[in-house]
Amino acid sequence: AMAAEERKSADGAHQDNTPLLGSGRGSTERLSLGTKLAFGIGACPAALANTVIGFFFTAFLLEVAGVRAASVSLILIIGRVWDALVDPTVGYLAGRTHTRWGHLRPWIGGSAIPFGVAYLFLWVVPDFDTTGKVVYYLFVFLAYQALYSAYHMPYTALTMHLSNDPQQRDAATSFRVMFEVICVLFGSIFQGAIVSNAEGESETTCRLNCSLPADDYEVDSELRSGYVTAGASLAVIMTLAAITVAFFVREQPEIHRQPDLSFLSGLKMVVKTHSYLMLTMLYLFVWMGASLGQACYLLWLKYVVERNDVFQQIMVSLLVSTMVSIVGWALLIPRWGKRRVFTIGVLLSMPGSLFYALVPTNCPLWLLHLNSIYGGLSLSNSYFIPWTMLPDVVDAEELRTGTRREALFYSFFVFFQKLAAGVAVGMSTMALDVAGYESNPCCDEGQPAAVSMTLRVILGIVPICFNMVTLLFTSMYPLTPAMVKANKEALERRRKDYGAPSPDALSLASVDRDSTVRGSRENDLSSSSEV
């Protein structure tokens, strides 16, 4: 009775009366629709930015800003590596941030406006020479990536602070991914529509006067204004979405159990965690293949099948298929398990990748739509399933060590994802430079035939190689559905034994030392329950 009273007092001490949009008081209760909607809206800034930058930024630098392919490769690789290094730093600092609003929400709300401003300046074409443009875009891209990390890393880590129940976290993740797909669809169509409307009939990305040097690159002012208008509009939407999640999704205080940990110690810990390492590697390689397709798809449409005018239509087919198939994958998880469902999705992606290598020039529009619908099945799987597996890894590590360090786990997860994507996209741009791609070709000559062949290999063959490596790491991922269920039950028993945990996490040594006392308490509770 005394033990139960102590736990009751501890529960009361950790209650937080801060209003939460439609939430219950306990972190193990079902998340309300309002909470999941607000959390899903928070995915819009990253989804919109990643979509537009992924599909348009490489082509924008090459064919609007007039930056050479080798310089674009340098900008992308340095920017992505810098971004990957910033993520763990943000995770470390967020874990040491202690305010009455939590340790993640201040980062989410504080970075909202600067993040939107930096995004806008990515689409400005300055009146500099070639070297000046390279320096400008490199500086702005580094600033943007740092502010992106300051928002996105705490937001993704917020998943673990919504509930102790893996099913509730998976439900919240489903809302997040659903909003991401909607924003991807909206962003690609919105950006494409504004840019296409800004292009005049006289606008061309080749030199009509072939006697001019390639560096004399002039772009119509209306096209420049179109990119700035699209950038400003999306920046406002992203800022409002970030503010929404900062105000209406509260961190559950009873889940805050992250004692201070040095950066190097945290890195050593996540690398030594086998399940986390396997999950990170499988996500790294599958996302490298997806990043190649995203960065070069617009160029593939233009120079391989010569149908760049249908980009928006193809994106609708791809993203609607992706959004619908997420529901199907989510329904299969309880029956087959996450690892098996992910493996099926990776296997399905390979025939679709081969299509990009073998498709003939002037491919029929219906065939492009069909392949996009098919590609949506694997794309949704590649992104959705690994993010639902990450909370299971965090739970397993908490059960093993007695501490919870989701900020570091999430930050390094994004670290390797961005590092892989940056290297893949940078190397693909470098390959185009080697193939002879020109940002400002002569209209009478166009791009060399090697450019078309290189794009076929980048989108068709290389992703298949990456997916084969992905399957290798997937086979070594250790957490089965039975293990995830057992971990959940063990954590629930531990939380019940110790009440609502304090921010000072229980060390593994203290758990072992108090095991006898805990067993006695369990027997007392069992007897009381029977009475």
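For the single chain, residues carry numbers from 1 onward in sequence order.
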Measuring only between side-chain heavy atoms, which start at C-beta, is [X] closer than 4.5 Å to [Y]?
X	Y	result
V341	N381	yes
F55	M315	yes
T156	L390	no
L399	R494	yes
P154	V90	yes
I385	I333	yes
M281	V469	no
F384	T322	no

For this session: Identify the residue among F60, F141, Y137 that makes a side-chain contact (heavy atoms from CB on, under 4.5 Å) with L122.
Result: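 That would be F141.
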
For this session: Using side-chain contact (heavy atoms from CB on, under 4.5 Å) as the criterion, point out the one residue from T239, L147, I53 that pairs with Y119.
Result: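 For Y119, the side-chain contact (heavy atoms from CB on, under 4.5 Å) check succeeds only for I53.
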
Exercise. What do the steps show when you test Y477 against F342 for ring-ring contact (aromatic ring centres under 6.0 Å, His included), and what is the final call?
Worked result: CA-CA 11 Å; Y477 178 74; F342 179 74; 9.1 Å; no

Hey, could you give me the [atom1]/[atom2] distance between [X] and [Y], rounded to the nearest 0.5 Å?
X	Y	atom1	atom2	value
D127	Y136	CG	OH	11.0 Å
T474	M389	OG1	CE	7.0 Å
D395	M483	CG	CE	12.0 Å
L279	F473	CG	CZ	12.0 Å
R68	S73	CZ	OG	13.0 Å
S428	L299	OG	CG	9.0 Å

Heavy atoms from other residues, nucleotides or ligands near [atom1] of [X] exceed 12 (cutoff 6.0 Å):
X	atom1	result
F121	CZ	no
I189	CD1	yes
M427	CE	no

Please find the pair of heavy atoms, one from [X] and one from [Y], that lie closest to each other, and give the distance.
X	Y	value
P386	Y383	CD-O, 3.7 Å
S372	I314	OG-CG2, 2.9 Å
S233	F190	CB-CZ, 3.6 Å
F179	G40	CB-O, 3.1 Å
A112	A242	CB-CB, 3.6 Å
V184	A47	CG2-O, 4.2 Å

For this session: Could you walk me through whether F311 and F56 pass the side-chain contact (heavy atoms from CB on, under 4.5 Å) test, one step at a time?
Result: CA-CA 11 Å; F311 173 78; F56 292 93; 3.4 Å; yes

Anything under 30° is parallel, anything over 60° is perpendicular, the rest tilted; go ahead and classify [X] against [Y].
X	Y	result
W123	Y227	parallel
F39	Y155	parallel
Y148	Y144	tilted

Exercise. Counting N and O atoms only, with roles assigned by atom type, does the side chain of T51 sit under 3.5 Å from a partner on the main chain of S188, one being a donor and the other an acceptor?
Worked result: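 Between the backbone of S188 and the side chain of T51 there is no qualifying donor-acceptor contact (under 3.5 Å).
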
Exercise. Can you list the steps and then say if V72 with F57 is a side-chain contact (heavy atoms from CB on, under 4.5 Å)?
Worked result: CA-CA 10 Å; V72 172; F57 193 55; over 6 Å; no

For this session: Using side-chain hydrogen bond (donor to acceptor under 3.5 Å, both in side chains) as the criterion, list what pairs up with T280, not counting sequence neighbours.
Result: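 Counting only residues at least two positions away or on another chain, T280 forms no side-chain hydrogen bond (donor to acceptor under 3.5 Å, both in side chains).
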
Exercise. How far apart are the C-alpha atoms of L491 and E398, what are their side-chain angles, what is the distance that settles it, and do they pass the side-chain contact (heavy atoms from CB on, under 4.5 Å) test?
Worked result: CA-CA 8 Å; L491 287 174; E398 179 191 1; 3.7 Å; yes

Exercise. Where do D392 and K338 land on the side-chain contact (heavy atoms from CB on, under 4.5 Å) test, with the steps shown first?
Worked result: CA-CA 10 Å; D392 299 336; K338 298 175 183 178; 2.8 Å; yes

Exercise. Which pairs with one or both residues in residues 277-293 pass salt bridge (Lys or Arg N to Asp or Glu O under 4.0 Å), sequence neighbours excluded?
Worked result: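 Applying salt bridge (Lys or Arg N to Asp or Glu O under 4.0 Å) to every pair that reaches into residues 277-293, excluding sequence neighbours, yields nothing.
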
